[in-house]
Protein chains: 2
Amino acid sequence: MRLSTKGRYAVTAMLDLALNGNDGPVTLADISENQGISLSYLEQLFASLRAKGLVRGVRGPGGGYYLGRAADEISVADVICAVDEWVELTRCNPRPSSADIQRAMTHSLWDDLSQQIYIFLTDISLEDLVRRGLEREDRGGKGAKVANLLGLNDQAA
Amino acid sequence: MRLSTKGRYAVTAMLDLALNGNDGPVTLADISENQGISLSYLEQLFASLRAKGLVRGVRGPGGGYYLGRAADEISVADVICAVDEWVELTRCNPRPSSADIQRAMTHSLWDDLSQQIYIFLTDISLEDLVRRGLEREDRGGKGAKVANLLGLNDQAA
DNA sequence: ATTTAACCCACTACAGCACTAGGTTATATC
DNA sequence: GATATAACCTAGTGCTGTAGTGGGTTAAAT
């Protein structure tokens with residue numbers, strides 16, 4: 001398991017789709033402006049996402065991207081794995097020294113942890129994130145929350 | 001939250017200390033050989049770990065490193081945060097456009113997730129990892145497990 | 001026919017990872 | 001006290017992956 005800015009970009013872009021995909025497809029140009037990511041970099045990310053069936057592209061004018069499945073059927077782990085492609089080769093020496101054995105020990109313990117993180121992220125869907133975010137908007141609605149996020153409550157917006 | 005090979009190196013090195021720290025301090029030279037990490041890189045990592053009090057160095061011959069606290073008092077999050085130092089700057093524009101607002105939305109959702117992962121890793125101690133690993137050695141003891149890890153069960157070791 | 005926007009490919013600037021190579025200090029041993 | 005050990009420190013460097021630029025082509029709507 002790996003967790004980098006690349007994964008974050010992918011997840012936030014997917015959240016963008018989840019939030020705005022209801023009224024037609026979302027263009028990469030929109031996401032690029034929303035998220036402040038370059039268009040071509042997004043194209044690379046979405047090529048990976050598309051290969052895993054996580055998004056569906058619609059060509060031509062009025063086109064863009066939809067989520068490939070329902071938001072509650074796409075886990076955070078799905079998205080991160082799609083763009084990160086870790087191969088994690090644990091090569092085994094034919095004649096292991098005691099150092100090799102130590103390495104295998106700690107490495108296997110790390111793998112356990114990695115597996116636990118993976119399972120954890122598998123259980124969180126895009127829908128979960130969106131709903132949990134919306135739940136905190138009891139008072140004031142979406143605008144107030146965003147304004148609060150931006151630290152705008154005491155100034156003009 | 002960030003999760004890279006650097007964090008993995010730090011955690012496996014700390015696990016090395018947890019496993020071998022009972023009979024005297026562990027030298028970085030040992031860890032370097034065990035884990036296949038360069039000595040100087042380990043020194044850099046341990047400088048960070050030392051700064052956070054996660055390890056305690058003993059100088060001179062027979063010296064090395066101990067864990068700074070008991071293994072059940074050191075979480076995986078502690079270790080990863082010590083070496084990764086993510087600053088995560090979320091700058092706010094004085095006059096936010098609708099794109100800024102979209103960005104703040106998805107960014108805050110990501111932060112929620114990041115927070116959840118952090119809490120998750122805070123609840124896992126080095127002791128947990130070691131014990132959980134040892135628990136699977138019911139049959140055959142440590143040697144058999146390691147041999148199995150190395151795929152050695154059918155060949156000479 | 002033209003425009004839109006997905007889709008594709010090659011190349012490049014940059015940051016952080018991991019290493020190399022030199023030091024200096026503290027301490028145990030002879 | 002001389003010596004060896006191993007922590008501790010600093011500067012520099014190659015490498016890998018990130019993120020971007022700049023060109024394309026294809027499919028579909030107008």
Give every donor-acceptor pair under 3.5 Å between a side-chain atom in residues 67-83 of chain B and any protein atom, sequence neighbours left out.
unit_1	atom_1	unit_2	atom_2	d
B:Arg69	NE	B:Glu73	O	3.0
B:Arg69	NH2	B:Glu73	O	3.1
B:Arg69	NH2	B:Asp78	OD2	3.2
B:Ser75	OG	B:Ala77	N	3.4
B:Ser75	OG	B:Asp78	N	3.0
B:Ser75	OG	B:Asp78	OD1	3.4
B:Ser75	OG	B:Asp78	OD2	3.1
B:Asp78	OD2	B:Ser75	N	3.0

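In this structure, A:Leu39 and A:Gly60 both approach DNA chain D, and ranking their closest nucleotides by distance from the 5' end singles out A:Leu39. The 5' end of DNA chain D is approached more closely, in terms of each residue's nearest nucleotide, by B:Arg50 than by the other of B:Arg50 and A:Ser38.
A donor and an acceptor atom, one from each side chain of A:Asn20 and B:Gln102, are located under 3.5 Å apart.
Atoms CD (A:Gln44) and P (C:dA6) sit 15 Å apart, rounded to a whole Å. Taking atom CG on A:Leu3 and atom P on C:dG16, their separation rounds to 17 Å, with Å as the unit. Atom pair A:Gln35:CD and D:dG20:P shows a separation of 12 Å (rounding to whole Å applied). Between the CG atom of A:Leu45 and the P atom of D:dG17 there is a distance of 15 Å, given to the nearest Å. Between A:Arg56 atom CZ and D:dA27 atom C1' there is a gap of 15 Å when expressed in whole angstrom units.
Between B:Tyr9 and the phosphate of C:dC17, there is no side-chain N or O to OP1/OP2 separation shorter than 4.0 Å. Under 4.0 angstrom from either OP1 or OP2 of D:dT18 there lies at least one side-chain N or O belonging to A:Arg2. Contact between the side-chain N/O atoms of A:Arg59 and the OP1/OP2 oxygens of D:dA29 is not found at any separation under 4.0 Å. OP1 and OP2 of D:dT21 both lie 4.0 Å or more from every side-chain N or O belonging to A:Tyr41.
Within 6.0 Å of CD on B:Gln116 lie more than 12 heavy atoms contributed by other residues, nucleotides or ligands.
A:Pro25 and A:Tyr66 get closest at one heavy-atom pair: CD-OH, 3.0 Å.
The residue A:Ile37 sits close only to the backbone: its heavy atoms come under 4.0 Å of sugar-phosphate atoms, none of a base. In this structure, A:Phe46 reaches neither bases nor backbone, as no heavy-atom distance under 4.0 Å exists between it and the strands shown.
In this structure, the nucleotide among D:dA6, D:dT18, C:dA10 sitting nearest to the side chain of B:Thr27 is D:dA6.
One finds the OH atom of B:Tyr65 at 12.0 Å from the CG atom of B:Leu54 (value rounded to the nearest 0.5 Å).
Between the side chain of A:Glu43 and the base of D:dG20, no donor-acceptor pair under 3.5 Å is found. For B:Ser40 against C:dA21, a side-chain N or O and a base N or O form a donor-acceptor pair under 3.5 Å.
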